[in-house]
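The block underneath contains the structure these notes are about, expressed in structure tokens.
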Amino acid sequence: MTELVKARSEEFVVQPASRGQSQNNGADKPRRQTMCSRVQKWFYDRFGEYIEDFRFQPEENTVETEEPLSARRLTENMRRLKRGAKPVTNFVKNLSALSDWHSVYTSAIAFIIYMYAVWHGWAIPMFLFLAILRLSLNYLIARGWRIQWCIVPQVSEPIEPPKEDLTVSEKFQLVLDVAQKAQNLFGKMSDILEKIKNLFMWVQPEITQKLYVCLWAAFIASCFFPYRLIGLCIGLYAGIKFFLIDFVFKRCPRLRDKYDTPYIIWTNLPTDPQLKERTNVTASRRMQSVSRTNVTTGAPQTTSRDDEGGRYHSTKKSSFHEIFSLPETERPLPACDTGWRCCLINRDRKMPTDYIRNGVLYVTENFLCFESSKSGSSKRNKVIKLTDITDVQKVLLLILCGPMILTLLNPF
């Protein structure tokens, strides 16, 4: 009995203890939650600003407002461009003066220092030191110091005060001057960009081939020779080329035209307008050669409309001199024996049917003959003497005449 009583008393003691532990576990859960929230809050306070920077946001397409055309604004922008490009132009002028030995002592000292630095491998530190020195001088100039050092003497340009009241003719002349400067500037920039593009696009294969071989040689040399030796060779060549070879070439233009490879490559690179002009010249020469061969051989042309794209067989049974009321000696030239498709534009007529007439053009020794495509009326045909033609021009309306009228006008 005593053992049973002890066992029951132990059970009663254990049950309240287990209930107390469950209550303690229930109290620990909100404590853990508060700790987690505190940690999260602390982490967000410390690093939340940086995390928000990495949040992806949709790009905003902002449309810039374009200013209306103004003569004063255009002139001001051109002056700003000139002032902004002045440091670059001064730097280029100083380099050119060093290469031309404008100041013998300055060029000699610069040549000796450069070659010594390249020979000992100090070329990069030298350029970095010069950049630091230039920034230091700019800082002193910004502080009010008067420091002016340049190889080429600067010429002070007179500053024109802006005029408030301008007449219409003065405004028009001002716009023309600014437009001419902008045209020349854009033309030079376009020539440079087009030459670079044509160099890499194999427009002139014999020129691009030289660049291709040089790149392969540089690649093979970089694989087998140490970089220090390659840098030494490049630095020595650049110094000798800049200070000595260019000086000789500028004084002797004939030697430059024969042996200055970079200059020859750059001058022989064509621009896009030059390429277009060359293609037009070659096409006209081909047409002339074809016409000459046809005249010498006397072979009749039997090409159809589909073969040539512009020639057209006349299906009318009447002879040529009967259609145009010409002597029997007048015959189409061999180059246009079957005619050329074209349009006759009569600006005096207001009706669309009379304003533009489609037909075929023939050229004889003395006449220019137009045969209308509408049959049944010989009044629509036109005959013009070649002696009455004073000028032949290409106009925008040639697009309506088809591509063959362009090849017809090229020989003229």
Side-chain angles (χ1 to χ4, degrees), residues 88 92 95-96 99 183-227 229-294 296-297 303 306-311 335 394 398-399 402-412:
V88 180
V92 173
L95 288 180
S96 179
S99 179
Q183 175 186 347
N184 298 333
L185 177 62
F186 293 153
K188 293 179 181 179
M189 294 174 61
S190 301
D191 291 341
I192 294 172
L193 295 177
E194 287 174 357
K195 285 188 175 184
I196 295 173
K197 182 214 31 162
N198 295 330
L199 175 63
F200 289 98
M201 293 304 295
W202 293 84
V203 175
Q204 292 281 64
E206 63 276 4
I207 295 177
T208 311
Q209 187 178 2
K210 297 178 181 179
L211 176 63
Y212 190 71
V213 173
C214 292
L215 291 177
W216 270 110
F219 171 72
I220 295 172
S222 64
C223 293
F224 293 99
F225 296 101
Y227 289 128
L229 179 60
I230 296 174
L232 178 63
C233 295
I234 294 174
L236 292 176
Y237 171 75
I240 295 172
K241 178 75 168 59
F242 180 78
F243 286 99
L244 301 178
I245 298 177
D246 286 347
F247 174 75
V248 176
F249 281 155
K250 289 179 181 179
R251 295 297 184 274
C252 304
R254 293 184 178 180
L255 290 177
R256 187 176 190 179
D257 295 336
K258 292 181 180 180
Y259 303 106
D260 193 358
T261 305
Y263 174 78
I264 294 171
I265 291 175
W266 184 255
T267 52
N268 290 333
L269 280 172
T271 59
D272 290 347
Q274 292 175 352
L275 289 174
K276 188 176 180 181
E277 184 178 357
R278 290 180 184 178
T279 54
N280 293 333
V281 171
T282 53
S284 62
R285 288 178 179 176
R286 288 178 182 176
M287 292 298 302
Q288 290 177 0
S289 62
V290 170
S291 62
R292 289 174 183 174
T293 54
N294 291 332
T296 54
T297 57
T303 55
D306 297 333
D307 295 336
E308 290 291 334
R311 301 201 174 182
K394 292 182 179 180
L398 288 176
I399 298 173
M404 301 310 295
I405 191 66
L406 295 177
T407 59
L408 176 65
L409 292 179
N410 281 333
F412 292 97

A side-chain contact here means heavy atoms from C-beta on lying under 4.5 Å apart; do [X] and [Y] qualify?
X	Y	result
D257	Y263	yes
T208	Y212	no
K197	D272	yes
L211	W202	no
Q204	N268	no

(message) Using only atom types and a distance under 3.5 Å, with no angle test, would you say the side chain of N198 pairs donor to acceptor with the backbone of P270?
(response)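 The answer is yes, because a donor-acceptor pair under 3.5 Å joins these two groups.
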
(request) Taking S99 for its side chain and S96 for its backbone only, find out whether a donor-acceptor pair lies under 3.5 Å. (result)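 A pair under 3.5 Å: no.
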
(request) Assess whether atom NZ of K276 is packed by more than 12 heavy atoms of other residues, nucleotides or ligands within 6.0 Å. (result)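 At most 12 heavy atoms, drawn from other residues, nucleotides or ligands, come within 6.0 Å of this atom.
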
(message) Does atom CD (E277) have a neighbourhood of more than 12 heavy atoms from anything else shown, all under 6.0 Å?
(response)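 At most 12 heavy atoms, drawn from other residues, nucleotides or ligands, come within 6.0 Å of this atom.
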
(request) Could you point out which residue of F242, F249, F243 forms a side chain to side chain contact (heavy atoms under 4.5 Å, CB included) with I245? (result)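 Output: one option passes, namely F249.
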
(request) Check each of T271, L199, V203 against E194 using the side chain to side chain contact (heavy atoms under 4.5 Å, CB included) test, and report the only one that passes. (result)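 Exactly one candidate clears the test, T271.
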
(request) Would you sort out whether D260 and K250 count as a salt bridge (charged side-chain N to carboxylate O under 4.0 Å, His left out), showing the intermediate values? (result) CA-CA 10 Å; D260 193 358; K250 289 179 181 179; over 6 Å; no

[atom1]/[X] to [atom2]/[Y] distance, rounded to the nearest 0.5 angstrom?
X	Y	atom1	atom2	result
L275	N280	CG	CG	11.0 Å
Y227	I234	OH	CD1	11.0 Å
I207	T261	CD1	OG1	11.5 Å
F225	I220	CZ	CD1	10.0 Å

(message) Restricting to non-hydrogen atoms, name the atom on K258 and the atom on I264 that form the minimum distance, rounded to 0.1 Å.
(response)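 Reported closest heavy-atom pair: O-CD1, 3.6 Å.
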
